[in-house]
Amino acid sequence: MNTPFIECRHVGFAYADRPILHDVNFTIEAGRFAAIMGGSGSGKTTLLRLITGQIQPTSGSVLIKGRDLASFSAAELTEHRRSMGVLFQHGALFTDLSVLDNIAFPMRELTQLPESVIHDLVKLKLHAVGLRGIEHLMPSELSGGMARRVALARTIALDPELMLYDEPFTGLDPISLGVIAHLIHRVNKALRSTSIMVTHDVGHSLQLVDQIIFLAHGEILFSGSPQEMAQSDSEWIKQFINGLPNGPVAFRFPAQTSLQEDLLGKK
Ligand SMILES: Nc1ncnc2c1ncn2[C@@H]1O[C@H](COP(=O)(O)OP(=O)(O)OP(=O)(O)O)[C@@H](O)[C@H]1O
């Protein structure tokens with residue numbers, strides 16, 4: 001059997017004394033695309049940060065290509081980060097740099113490539129996201145959808161073998177969202193990278209990914225294919241997929257007193 005690209009083995013994590021993840025176990029095979037889903041505050045971004053090595057598990061281990069991240073030297077950790085492309089929630093561009101300089105940034109920082117090659121690569125990356133010809137524009141001159149595409153071009157600047165997307169669809173109109181989803185699919189196929197996306201967008205992600213990891217209260221409630229998820233009997237998953245206001249995640253906060261007591265001061 002092939003060694004998985006990413007494996008979480010009994011991973012637990014706490015911020016100070018506040019437990020966030022408990023006994024999280026899953027594997028993602030090389031070249032596969034996984035979505036991490038779950039309600040707000042369930043620990044999705046925390047899981048991404050454990051995979052990038054920004055934070056370390058309190059218990060258990062995160063293995064990259066079979067090796068425990070905790071055993072990486074500083075140089076190996078830098079190399080691990082260099083081999084990753086991360087698209088953040090709002091795809092933040094450097095506002096005082098042009099599109100060209102934004103996309104060239106990781107190439108200039110992390111490689112010794114000559115400027116002429118960097119310029120050609122920027123054009124290729126912009127072409128990949130359908131925006132060749134806007135190299136000279138500043139971020140303030142771009143629409144939200146274009147800015148997200150430029151951020152995607154920057155993310156793929158160094159052909160990463162691991163792509164991480166943290167809520168890439170947030171704040172986009174339906175057309176821009178469709179474009180970004182299509183581009184993410186194309187990028188994933190072209191780079192054959194292993195990809196992980198944290199998302200709340202059930203509709204698009206079920207079409208994009210091979211695997212879904214569903215977190216609730218810091219535990220894995222489900223891990224499997226989109227087809228398996230659609231057929232799941234779990235009330236949590238049904239509530240999430242169908243966007244129901246009530247279910248295991250209650251609509252009402254469980255107040256300690258009744259409304260009558262609050263308003264009339266009576267029992
Ligand atoms: N640096 C931090 N220090 C302390 N608590 C934190 C920190 N970062 C996140 N948390 C808490 O950890 C929990 C999990 O956060 P995380 O961002 O991983 O959730 P999430 O599933 O990505 O949420 P969302 O979907 O709302 O972005 C939350 O309750 C959050 O308040």
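Remember, it's 1-based here, ligands and their atoms both numbered in the order they're listed.
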Handout entry: Worked check of salt bridge (Lys or Arg N to Asp or Glu O under 4.0 Å) between Asp159 and Lys125
Key = CA-CA 10 Å; Asp159 295 340; Lys125 301 300 169 187; 2.7 Å; yes
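- A side-chain donor-acceptor contact under 3.5 Å links Thr78 to the backbone of Ala74.
- The cationic group of Arg49 does not satisfy the cation-pi geometry with Phe13, failing either the under 6.0 Å distance to the six-membered ring centre or the 45° limit from the ring axis.
- Hydrophobic clustering keeps Leu63 apart from Phe5 (ILVMFWY residues linked when any side-chain heavy atoms are closer than 4.5 Å, directly or through intermediates).
- For atom 26 (O) of ligand 1, the nearest protein heavy atom (residue, atom name, distance) is Ser40 OG, 3.2 Å.
- Donor-acceptor pairing under 3.5 Å is lacking for the side chains of Glu76 and His80.
- Distance alone, capped at 3.5 Å, is enough to place a donor-acceptor pair between the Lys44 side chain and the Gly39 backbone.
- Within the 4.0 Å heavy-atom shell around ligand 1 one finds Gly39.
- Here the protein heavy atom with the shortest distance to atom 13 (C) of ligand 1 is Ile20 CD1, 3.6 Å.
- Scanning all protein heavy atoms for the shortest distance to atom 1 (N) of ligand 1 gives Tyr15 CE2, 3.7 Å.
- Among all non-hydrogen protein atoms, the one lying nearest atom 21 (O) of ligand 1 is Lys44 NZ, 2.8 Å.
- Nearest to atom 17 (O) of ligand 1 among the protein's heavy atoms is Thr45 CB, 3.6 Å.
- Considering backbone and side-chain N/O of Arg49, none are found under 3.5 Å from N/O of ligand 1.
- Close approach to Gly43 involves these atoms of ligand 1, each under 4.0 Å from a residue heavy atom: 14 (C), 18 (O), 19 (O), 20 (P), 21 (O).
- On a distance-only criterion, Gly41 and ligand 1 share at least one N/O pair closer than 3.5 Å.
- When each atom of ligand 1 is checked for a heavy atom of Arg18 under 4.0 Å away, the hits are 5 (N), 11 (C), 28 (C), 29 (O), 31 (O).
- Remark: distances from the non-hydrogen atoms of Gly38 to ligand 1 are all 4.0 Å or more.
- With sequence neighbours excluded, the residues forming a side chain to side chain donor-acceptor pair (under 3.5 Å) with Thr257 are Asp262, listed by chain and number.
- Shortest contact from atom 15 (O) of ligand 1 to any protein heavy atom: Thr46 OG1, 3.8 Å.
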Practice task
Apply the test side chain to side chain contact (heavy atoms under 4.5 Å, CB included) to residues Gln54 and Thr46: give CA-CA distance (whole Å), side-chain angles for both, the deciding distance (0.1 Å), then the verdict.
Solution key: CA-CA 9 Å; Gln54 283 168 280; Thr46 302; over 6 Å; no
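- Atoms of ligand 1 lying under 4.0 Å from any heavy atom of His200, numbered from 1 in the order shown and given with element: 25 (O).
- The protein heavy-atom contact nearest to atom 27 (O) of ligand 1 is Glu167 OE2, 3.6 Å.
- Arg108 has a carboxylate O that lies under 4.0 Å from a charged side-chain N of Asp101, or vice versa, which qualifies the two as a salt bridge.
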